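Order of listing sets the numbers, starting from 1, for every ligand and every atom in it. Treat the numbers as computed from the prediction; the structure is a model and nothing was measured.
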Amino acid sequence: MSDTGRKVIISCAVTGATHVPTMSEHLPITPAQIRDQAIDAARAGAAIIHLHARDPKDGRPTPSPDVFREFVPAIAEATDAVINITTGGSTRMTLEERLAYPLQAAPEMCSLNMGSMNFSIHPLASKVSSWRYEWEKGYVEGMEDMIFRNTFKDIKRILLELGGRGTRFEFECYDLGHLYNLAHFVDQGLIKPPFFIQSVFGILGGMGADPENMTVMRATADRLFGRENYHFSVLGAGRHQMPLVTMSAILGGNVRVGLEDSVYIAKGVKAESNAQQVRKIRRILEELSFEIATPDDARAMLGLKGRDKVTP
Ligand code: KMH
Ligand code: ZN
């Protein structure tokens, strides 16, 4: 039975490193655009803001701490949202690059991808007739031959170096095996509950967006961790976003929206902002009598260290 009395955490993934500017004129690419859209998303009800950085010249994903610092402090100043910095970066970045800013900032939360995999949107390239920037075509087509590297040693390093500084994690699980990888690190004593499991559906290279897959992930997480030891959340890529995150809430989980995951607000209709997606899922959840978690509710639910212990 879904407990409609409980609070639902809305995460918003503002820009990511997968979509390229040609795919939506609303995808934030400059520090000011990322800052403004993140603040608006928080004000619309997102308790957690997941952030990547992009080169302001042309929107190419960048790991540069200097670029992150052009918008992260301003977001922290303007909202009380939980700042969640990517350690995934892009499939073209080394682990050193991916960890550069997270290790400097030691934020309350970082993403942590629970296994190596193919991760690609290369089939979309053939649908684009003209590219806004010269780098985009090769970037998207090149994904076909990239591996998103997250070895056990990489994951262990992130848990020790970032976890050791109080950062807690959005464990991104793209497949059933990723839950067993998470259980491996729990058994090693490297991860303490409550775990925040972000189940990812519809990325080419990960599990598909079939609703049946969500019930398998939910049941497996229950069996591996015990429901009292984790918080389930879901993101759905592209057109799958809203139906799947709604299903997550009904199954007792939390939700992630944002233009990192989908540039749409409805079938064939581009979202005009991250806040528009946050407002849509908030409306759906409140219609179903769910209460929306505040950032401090999220901190309490996930055992986060608090903003005062972060050096942006
Ligand atoms: N862009 C994906 C390759 C994360 O933030 O950790 C990785 C990603 C997940 O976006
Ligand atoms: Zn991300």
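- Between the side chains of Asp261 and Gln241, no donor-acceptor pair is found at a separation under 3.5 Å.
- Residue-level proximity to ligand 1 for Phe169 is absent, since no heavy atom of it falls below 4.0 angstrom.
- Between the Thr167 side chain and the Pro107 main chain, a donor and an acceptor come within less than 3.5 Å of each other.
- Side chains of Thr86 and Arg98 form no contact here, defined as non-hydrogen atoms less than 4.5 Å apart.
- Using cut-offs of 30° and 60° on the angle between ring planes, the pair Phe171 and Phe169 is tilted.
- For a threshold of 3.5 Å applied to N or O pairs, the pair formed by Gly89 and ligand 1 contains at least one separation below that value.
- With a 4.5 Å cut-off on side-chain heavy atoms, Tyr174 and Met117 count as touching.
- The environment of Tyr264 atom OH is sparse: at most 12 non-hydrogen atoms of other residues, nucleotides or ligands sit within 6.0 angstrom.
- Neither the backbone nor the side chain of Leu112 has any atom closer than 4.0 Å to an atom of ligand 1 (non-hydrogen atoms only).
- Salt bridge Glu291/Lys7: present, at least one basic N to carboxylate O contact under 4.0 Å.
- Around CD of Glu228, the count of heavy atoms belonging to other residues, nucleotides or ligands within 6.0 Å exceeds 12.
- Looking at Asp175, its side chain never comes within 3.5 Å of a backbone N or O of Gly177 through a donor-acceptor pair.
- Closest protein heavy atom to atom 2 (C) of ligand 1: Phe119 CZ, 3.6 Å.
- The ligand atoms of ligand 1 that sit less than 4.0 angstrom from a heavy atom of His50 are 5 (O).
- For Ala17, no nitrogen or oxygen atom sits less than 3.5 Å from a nitrogen or oxygen atom of ligand 1, counting backbone and side chain alike.
- Given atom 5 (O) of ligand 1, the protein heavy atom at minimum distance is Thr86 OG1, 2.7 Å.
- Shown here are the protein N/O/S atoms lying under 2.8 Å from the Zn ion (ligand 2), water excluded: His50 NE2, His52 NE2, Glu260 OE2.
- Checked by distance only, ligand 1 and Ser111 come closer than 3.5 Å through their nitrogen or oxygen atoms.
- Proximity to Glu172 (heavy-atom distance under 4.0 Å) selects the following atoms of ligand 1: 4 (C), 5 (O), 6 (O), 9 (C).
- Pairs passing the ring pair (Phe, Tyr, Trp, His ring centres under 6.0 Å) check and including a residue from residues 46-86, sequence neighbours excluded, read His50-His52, Phe68-Phe71, Phe68-Tyr101.
- Of the N or O atoms in Thr91, none lie within a sub-3.5 Å distance of an N or O in ligand 1.
- Tested against Arg256, the residues Leu235, Ile9, Val245, Val234 include a single side chain to side chain contact (heavy atoms under 4.5 Å, CB included) partner, Leu235.
- Ligand 1 lies within reach of His52, whose nearest heavy atom is under 4.0 Å from it.
- Counted by atom type alone, Gln104 and Arg69 present one or more donor-acceptor pairs between their side chains at under 3.5 Å.
- Shortest contact from atom 10 (O) of ligand 1 to any protein heavy atom: Glu260 OE2, 2.8 Å.
- Listed by number with element, the atoms of ligand 1 under 4.0 angstrom from any heavy atom of Thr18 are 1 (N).
- Residues Gln198 and Ser233 bring a donor and an acceptor atom of their side chains to less than 3.5 Å of each other.
- Counting atoms of ligand 1 from 1 in the listed order, those under 4.0 Å from a heavy atom of Tyr174 are 9 (C).
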